[in-house]
Amino acid sequence: MIYIVHGEKVMLDFELARIYGYETRTFNQQVNRNIDKFPSDFMFKLTRPEVDSILMSQNVISSWGGSRKLPYAFTEQGIYMLMTVLKGDLAVKQSKILIKTFK
């Protein structure tokens, strides 16, 4: 799912985690260990009203489920950077697909 937030196309961490075959917690641990690779134009944390707006406006029944932690939103550049952080054959394969999707 690609959403428009702050005028940018973004994907949310819990959906990216699923695509890459990670639990959201593990996915975010990898990102946080490499936080210097993700400036605010690559990734940013959503606010509660933004999350509510996205899920309602898209008629999404989400697996996010109202977790205590607000999700990260990754821009196209952030998704490119994920390729340098997430390892394994599935991550490489899925990164290529996501890049094509944004184009």
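In what follows, every heavy atom counts, from backbone to side chain, and hydrogens, waters and symmetry copies are set aside. Quick caveat, the model's predicted, so the values are computed rather than measured.
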Novice: Quick one: salt bridge (Lys or Arg N to Asp or Glu O under 4.0 Å) partners of Glu23, sequence neighbours excluded?
Specialist: Arg25
Novice: About how many Å separate CD of Gln29 and OG1 of Thr24, when rounded to the nearest 0.5 Å?
Specialist: 11.0 Å
Novice: Output the distance between atom NZ (Lys45) and atom CE (Met43), rounded to the nearest 0.5 Å.
Specialist: 8.0 Å
Novice: Might you point out which heavy atoms bring Met1 and Met11 nearest each other, and give the distance in Å?
Specialist: O-CG, 3.4 Å
Novice: Between Ile35 and Val85, is there a shared hydrophobic cluster once you connect ILVMFWY residues whose side-chain heavy atoms come closer than 4.5 Å?
Specialist: yes
Novice: Tell me, do Val31 and Phe38 make a side-chain contact under 4.5 Å, heavy atoms counted?
Specialist: yes
Novice: Can you sort out the partners of Thr75 under side chain to side chain donor-acceptor pair (under 3.5 Å), two or more places apart, ordered by chain and number?
Specialist: Gln77
Novice: Could you state the interatomic distance from CG (Asp36) to CE (Met81), rounded to the nearest 0.5 Å?
Specialist: 9.0 Å
Novice: In terms of side-chain heavy atoms, does Glu8 have a donor or acceptor partner in Tyr3 at a distance below 3.5 Å?
Specialist: no
Novice: Do the side chains of Val5 and Ile54 get nearer than 4.5 Å, heavy atoms only?
Specialist: yes
Novice: Answer yes if the side chains of Asp13 and Tyr22 hold a donor-acceptor pair under 3.5 Å, and no otherwise.
Specialist: no
Novice: Atom CZ in Arg18, atom CG in Leu16: separation rounded to 0.5 Å?
Specialist: 9.5 Å
Novice: Could you tell me the separation between the CD1 atom of Ile19 and the CD1 atom of Ile79, rounded to the nearest 0.5 Å?
Specialist: 8.0 Å
Novice: Is there side-chain contact between Glu15 and Leu12, with heavy atoms separated by less than 4.5 Å?
Specialist: yes
Novice: Rounded at 0.5 Å granularity, tell me how far CG in Leu82 sits from CZ in Phe42.
Specialist: 10.5 Å
Novice: Let me see the working for Thr26 and Tyr20 under side-chain contact (heavy atoms from CB on, under 4.5 Å), right down to the final yes or no.
Specialist: CA-CA 11 Å; Thr26 307; Tyr20 282 111; over 6 Å; no
Novice: Measure centre to centre between the rings of Phe74 and Phe27, then say whether the value is under 6.0 Å.
Specialist: yes
Novice: How close do Pro71 and Phe14 get, heavy atom to heavy atom, and via which atoms?
Specialist: CB-CD2, 4.2 Å
Novice: Flag the pair Arg48 / Leu70 as yes when at least one side-chain heavy-atom distance between them is below 4.5 Å, and no otherwise.
Specialist: yes
